[in-house]
There are 2 protein chains.
Amino acid sequence: MQLDERKYLILQAIIDDYIMTAMPVGSRTISRKSGVGYSPATIRNEMSDLEELGYLDQPHTSAGRVPSNKAYRLYVDHLMKTVKLTSDERERMHEHLLSKSKQVEGVIRSAAGVLSDATKYTSVIVAPKLGTLRIKHVQLVPVAERTALMVIVTNAGIVKDAIIRVPEGMDADDLYAISRMLTQKLADKPLEAVRQAFSELLRNAEYNRRLLGETLSVIEQRLESGPDASDVIVGGPGNMLEYPEYSDVNKARSFLAVLESKDTLRRLVNRDGGMEITIRIGPENQVPELNDCSIVTASYRVGDHSNGTLGIIGPTRMNYNRVISVLDFMGRALSDVLSEYR
Amino acid sequence: MQLDERKYLILQAIIDDYIMTAMPVGSRTISRKSGVGYSPATIRNEMSDLEELGYLDQPHTSAGRVPSNKAYRLYVDHLMKTVKLTSDERERMHEHLLSKSKQVEGVIRSAAGVLSDATKYTSVIVAPKLGTLRIKHVQLVPVAERTALMVIVTNAGIVKDAIIRVPEGMDADDLYAISRMLTQKLADKPLEAVRQAFSELLRNAEYNRRLLGETLSVIEQRLESGPDASDVIVGGPGNMLEYPEYSDVNKARSFLAVLESKDTLRRLVNRDGGMEITIRIGPENQVPELNDCSIVTASYRVGDHSNGTLGIIGPTRMNYNRVISVLDFMGRALSDVLSEYR
DNA sequence: CGTTAGCACTCGACTCCTTTGAGTGCTAAC
DNA sequence: GTTAGCACTCAAAGGAGTCGAGTGCTAACG
């Protein structure tokens with residue numbers, strides 16, 4: 001059996017309706033819709049076919065039909081017609097984004113806010129992979145005897161810091177000099193190339209080996225541990241509770257638990273391909289707790305080689321259309337705003 | 001009518017039981033408890049008195065009694081006997097706290113995690129008021145033509161950054177020189193004294209007035225806006241859903257909404273007095289959404305003059321005892337760990 | 001006189017039953 | 001091929017009955 005024109009039409013109508021209402025859709029409802037000129041009985045026959053083909057599920061015999069994950073896949077791949085955001089809306093989002101543009105973290109944070117507000121779902125933004133960022137500046141700041149704070153400013157203005165031990169007897173001026181030297185040697189190198197640059201420095205006996213060694217190991221630790229909690233920002237975690245899918249507290253709880261585990265979240269949202277928009281529906285995202293969630297992600301650019309990810313987590317029956325438009329727009333906007341800092 | 005010994009005993013027994021079960025407590029339950037040698041009938045009489053005095057509420061005639069907010073107040077003020085944490089537990093918490101001690105924000109973040117894990121409630125940690133922190137280091141890092149990132153390292157290693165515009169034609173070396181000068185002039189001054197220090201600098205015509213003006217205004221903006229989102233860290237937001245008080249999704253939602261508004265949260269948790277532990281029960285915290293929550297806060301010290309706050313939000317029937325022990329311990333631990341950075 | 005046993009009463013929680021209505025599948029007629 | 005008609009299904013909503021934890025009151029007890 002194949003999908004003909006009419007089956008597409010009906011499936012689309014069902015999905016559209018279900019996305020709005022979250023209630024099983026009956027044949028009468030579809031029949032009444034404008035653009036569908038068939039009686040409920042005909043619709044029923046088609047629905048029966050669609051169910052057999054795996055596009056519809058029936059919660060129980062006397063309920064309407066519900067789109068299956070297969071149906072959503074078909075929908076996002078072929079059926080969906082993308083709608084543009086109104087320029088008014090773009091305006092508002094852009095403005096909101098700029099309101100905190102004085103601080104870099106603020107921009108990302110408000111981006112998460114804008115995303116979750118605009119979609120009413122939960123948003124996740126992941127900072128670019130640390131290793132791909134380029135170093136702008138390295139500064140060792142004395143904070144106590146034998147202790148210094150190492151501050152690394154990367155392009156995109158993302159600041160990383162870590163405490164390091166320094167050898168006895170180094171004063172602020174020594175650290176200042178070393179900072180300056182490090183900045184010169186490392187500037188514009190991606191973080192992952194740091195080890196190499198360091199080994200070169202270490203061959204040069206003129207610098208303090210112990211301090212450099214410590215510094216290097218701290219940077220490497222940071223690199224290995226990957227993006228940490230502060231690099232995964234969640235917006236509107238509570239939005240999800242608005243939907244009947246999560247009217248059960250237990251479901252809500254396990255959903256929130258996933259959001260708290262930044263590690264899982266990062267893995268979930270980080271995307272394989274360099275595609276514009278990635279959509280993962282239900283079980284496709286491999287996390288049992290999120291079996292009836294879909295995750296839509298896009299990426300934003302920082303500098304020439306670094307990509308961060310922004311994504312929306314919502315129920316599988318989410319408004320893909322709108323989510324995609326919003327993500328697409330915000331991806332560009334975020335790239336723009338962050339590029340200004342370069 | 002006055003509270004005699006027996007009434008205290010019974011009230012305490014009721015509160016203890018209700019804290020554990022969240023179910024209205026009946027006279028039989030209390031009578032069976034060890035330490036109370038009275039029959040249910042006697043207990044009932046006393047309960048009736050306690051209700052009249054406003055210490056107990058009755059959800060409906062045929063249910064048991066529930067402690068009122070007034071009862072909790074009495075409990076925390078007079079009835080409660082504090083229990084010590086086991087040294088094993090202290091050990092574990094301290095260890096967990098140190099695991100991320102390489103990064104300052106990491107410490108605060110894991111502190112929030114430890115707090116919420118140890119208490120099973122929601123934790124909030126607020127960084128010290130910006131103005132009271134002392135400047136350790138100021139660095140202007142060029143990020144683009146006419147744009148620089150200003151990084152301010154304060155004591156306690158807390159790093160603040162902001163984008164500023166710089167006049168045309170300044171290169172990295174110029175910024176380096178200015179950074180060095182600024183660091184020298186501002187070091188160890190609290191942030192709130194910066195305006196004064198700047199006006200002195202500005203009188204000196206030798207420095208670039210426009211740049212200094214811009215820098216000052218950015219710092220002032222930061223100061224005025226108060227601690228921002230990244231300075232309010234929430235741990236275990238989902239923990240609250242474990243309790244029957246929040247088995248209603250709507251309540252859960254409005255609770256989560258409060259957690260999202262970092263501003264309200266900060267106001268809520270920031271304490272008036274310099275008291276060791278502050279407890280606000282139910283309506284005492286002035287936020288309608290949190291009418292049946294209690295907030296317990298303690299403070300941690302950063303440097304000599306700055307105080308941050310750590311707090312627990314839980315249902316009014318929370319285990320005050322344990323919460324207080326945990327907060328007390330963590331307050332000290334946090335002060336210790338952060339003081340090491342000085 | 002304080003304490004307690006006894007008893008009637010209350011009321012939410014639970015179970016069981018019925019009704020309702022939205023929806024289906026099938027068949028026969030158009 | 002499409003549709004009207006009809007019997008059938010089943011969750012949801014409403015109502016009656018039962019249960020049981022708990023109360024308040026009264027009278028008796030030490």
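Convention: sequence-line order gives letters A, B, ...; per-chain numbering from 1.
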Set of side-chain contact (heavy atoms from CB on, under 4.5 Å) partners for A/H78, sequence neighbours left out: A/L74
A/K84 and A/R90, any side-chain heavy atoms less than 4.5 Å apart: yes
Non-hydrogen atoms of A/M330 and A/L310 that approach each other most closely: CB-CD1, 3.8 Å
Strand-adjacent residues in residues 14-29 of chain A, judged by heavy atoms under 4.0 Å from DNA chain C: A/G26, A/S27
Results of ring-ring contact (aromatic ring centres under 6.0 Å, His included) for A/Y246 - residues two or more places apart only: A/F255
Step-by-step side-chain contact (heavy atoms from CB on, under 4.5 Å) determination, B/K120 to B/Y243: CA-CA 10 Å; B/K120 306 280 183 230; B/Y243 301 100; 3.3 Å; yes
Partner residues of A/D328 under the salt bridge (charged side-chain N to carboxylate O under 4.0 Å, His left out) criterion, sequence neighbours left out: A/R332
Set of residues satisfying ring-ring contact (aromatic ring centres under 6.0 Å, His included) with respect to A/Y75, sequence neighbours excluded: none
Pairing residues for B/D4 by the salt bridge (charged side-chain N to carboxylate O under 4.0 Å, His left out) criterion, not counting sequence neighbours: none
Neighbours of DNA chain D within residues 40-61 of chain A, by heavy-atom distance under 4.0 Å: A/A41, A/T42, A/R44, A/N45, A/H60, A/T61
Outermost DNA chain C nucleotides near chain B [under 4.0 Å, heavy atoms]: C/dT3 to C/dG12
A/S325: side-chain contact (heavy atoms from CB on, under 4.5 Å) partners, not counting sequence neighbours: A/V83, A/L85
Closest approach of B/S123 to B/L115 (non-hydrogen atoms, all atoms of both residues): CB-CB, 3.5 Å
Difference in axis direction between the ends of the helix from C/dC1-D/dG30 to C/dC30-D/dG1, five pairs, 10°: 20°
May I have the list of side-chain donor-acceptor pairs in residues 19-28 of chain A shorter than 3.5 Å, sequence neighbours left out?
| unit_1 | atom_1 | unit_2 | atom_2 | d |
| --- | --- | --- | --- | --- |
| A/T21 | OG1 | A/D17 | O | 3.1 |
| A/T21 | OG1 | A/D17 | OD1 | 3.4 |
| A/T21 | OG1 | A/M23 | N | 3.2 |
| A/S27 | OG | A/R44 | NH1 | 3.2 |

For atom CZ of A/R65 and atom P of D/dA11, their distance in whole Å: 15 Å
Do any side-chain atoms of residues 281-296 of chain A form donor-acceptor pairs under 3.5 angstrom with protein atoms, and if so which ones, sequence neighbours left out?
| unit_1 | atom_1 | unit_2 | atom_2 | d |
| --- | --- | --- | --- | --- |
| A/E284 | OE1 | A/I281 | N | 3.0 |
| A/N285 | OD1 | A/V287 | N | 3.4 |
| A/N285 | ND2 | A/G282 | O | 2.9 |
| A/N285 | ND2 | A/C293 | O | 3.3 |
| A/D292 | OD2 | A/K251 | NZ | 3.0 |
| A/S294 | OG | A/Y320 | OH | 2.7 |

